[in-house]
Amino acid sequence: LVFMTQFHPGILAGAMRSFDGTTALNIGPTTVYDFAINAGTLYALGSDGWVRTTTDLVNWTAIGKVGRKARSVAVFNGAVYVGGTDSKLYRGP
């Protein structure tokens, strides 16, 4: 897994790619603000506001849509949390 970021007007988002040592391929359904890994599951906060999960980087499940201000994601004790540009922490989907 390679997370490539680039600067967009006032926000930071990037593409998730898989890399096998030779070839890099885009994975996931959208550009990503942030991601977290917990117990073998990757949680990705997409720039479209959806939090998605995957265990194999191929099959993705949308678990919930969060507000426009969400920019970071974390998982703690089985709960998903998102941090926003308003400096608040929200318990997610």
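Bear in mind that the values here come from a model prediction, so they are computed numbers and not experimental data.
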Quiz item: For Thr55 and Thr53, what are the C-alpha separation, side-chain angles and deciding distance, and is it a side chain to side chain contact (heavy atoms under 4.5 Å, CB included)?
Solution: CA-CA 7 Å; Thr55 56; Thr53 64; over 6 Å; no
Tell me the closest heavy-atom pair linking [X] and [Y], and the distance in Å.
X     : Y     : answer
Tyr81 : Arg91 : CD2-CA, 3.8 Å
Arg71 : Thr85 : CG-CG2, 3.4 Å
Ser72 : Leu45 : N-CD2, 3.5 Å
Leu57 : Trp60 : O-NE1, 3.7 Å
Ala70 : Val82 : CB-CB, 4.3 Å
Ala36 : Ala74 : CB-CA, 4.1 Å

Practice problem: Could you give me the CA-CA distance, side-chain angles and deciding distance for Ser18 and Asp20, then say whether side-chain hydrogen bond (donor to acceptor under 3.5 Å, both in side chains) is met? | Solution: CA-CA 7 Å; Ser18 65; Asp20 65 5; over 6 Å; no
Quiz item: Thr31 side chain to Ser47 main-chain N or O, any donor-acceptor pair under 3.5 Å?
Solution: no
Quiz item: With distance as the sole test, does Asn38 use its side chain to make a donor-acceptor pair with the main-chain N or O of Thr41 at under 3.5 Å?
Solution: no
Quiz item: What's the spacing between Trp50 CH2 and Thr61 OG1 if we round to 0.5 Å?
Solution: 11.5 Å
Exercise. Take Val80 and Val73 through the side chain to side chain contact (heavy atoms under 4.5 Å, CB included) test and state the conclusion after the steps.
Key: CA-CA 7 Å; Val80 178; Val73 65; 3.8 Å; yes
Quiz item: Are Ile63 and Tyr33 connected, step by step, through hydrophobic side chains (Ile, Leu, Val, Met, Phe, Trp, Tyr) whose heavy atoms are closer than 4.5 Å?
Solution: yes
Quiz item: Passes side chain to side chain contact (heavy atoms under 4.5 Å, CB included), Ile37 versus Tyr43? Steps please.
Solution: CA-CA 6 Å; Ile37 299 171; Tyr43 295 77; over 6 Å; no
Exercise. Could you check if a side-chain atom of Ile27 sits within less than 4.5 angstrom of a side-chain atom of Val58, using non-hydrogen atoms only?
Key: no
